[in-house]
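Contents: one structure, followed by commentary.
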Amino acid sequence: MDSKNSDRDKEPEVLIDRCRIQLGFMILTEIENEILSLKPLSAERFTALIFSAENMNPDHHLSLKRKVKRLFTDQFGNQV
């Protein structure tokens with residue numbers, strides 16, 4: 001993989017796309033832009049925002065919550 005692709009993989013936009021593709025979230029572009037404007041962004045906050053964008057309570061979907069958080073921490077650690 002070239003450095004441009006690996007750099008691109010580290011961008012928050014890619015993480016939101018992964019939430020859409022791998023986990024089935026349907027996050028609107030406007031909401032995506034709001035999420036991306038927030039800095040710093042922690043794994044907990046990102047996960048809460050993704051669920052909020054879907055009008056879902058993450059505590060009612062614990063397995064999915066763990067998957068979203070894991071995608072974030074695998075890509076960025078605990079904060080970006």
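What you see below is based on every heavy atom in this structure, not just the backbone, and it leaves out hydrogens, waters and symmetry mates.
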Next on the checklist: Please find the pair of heavy atoms, one from Q75 and one from E11, that lie closest to each other, and give the distance.
Outcome noted: NE2-O, 3.1 Å

First locate atom [atom1] of [X], then atom [atom2] of [Y], and finally report the distance between them rounded to the nearest 0.5 Å.
{"X": "I16", "Y": "I50", "atom1": "CD1", "atom2": "CD1", "result": "5.0 Å"}
{"X": "L38", "Y": "L49", "atom1": "CG", "atom2": "CG", "result": "6.0 Å"}
{"X": "T73", "Y": "L71", "atom1": "OG1", "atom2": "CG", "result": "8.0 Å"}
{"X": "L15", "Y": "F46", "atom1": "CG", "atom2": "CZ", "result": "3.5 Å"}
{"X": "F72", "Y": "Q79", "atom1": "CZ", "atom2": "CD", "result": "7.5 Å"}

Checklist entry - In terms of heavy-atom contacts, does CG of N33 have more than 12 from other residues, nucleotides or ligands at under 6.0 Å? => result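 Yes, CG of N33 has more than 12 neighbouring heavy atoms, counting only those of other groups under 6.0 Å.
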
Next on the checklist: Tell me whether R20 at atom CZ has more than 12 heavy atoms from other residues, nucleotides or ligands lying less than 6.0 Å away.
Outcome noted: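 Result for CZ/R20: enclosed.
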
Give the table of side-chain donor-acceptor pairs shorter than 3.5 Å for residues 58-69, with sequence neighbours excluded, one pair per line with atom names and distance.
| unit_1 | atom_1 | unit_2 | atom_2 | d |
| --- | --- | --- | --- | --- |
| D59 | OD1 | K65 | NZ | 3.3 |
| K69 | NZ | E44 | OE2 | 2.3 |

Next on the checklist: Could you tell me if the side chain of K39 sits less than 4.5 Å from the side chain of P12, heavy atoms only?
Outcome noted: yes

N/O donor-acceptor pairs under 3.5 Å from side chains in residues 22-31, not counting sequence neighbours:
none

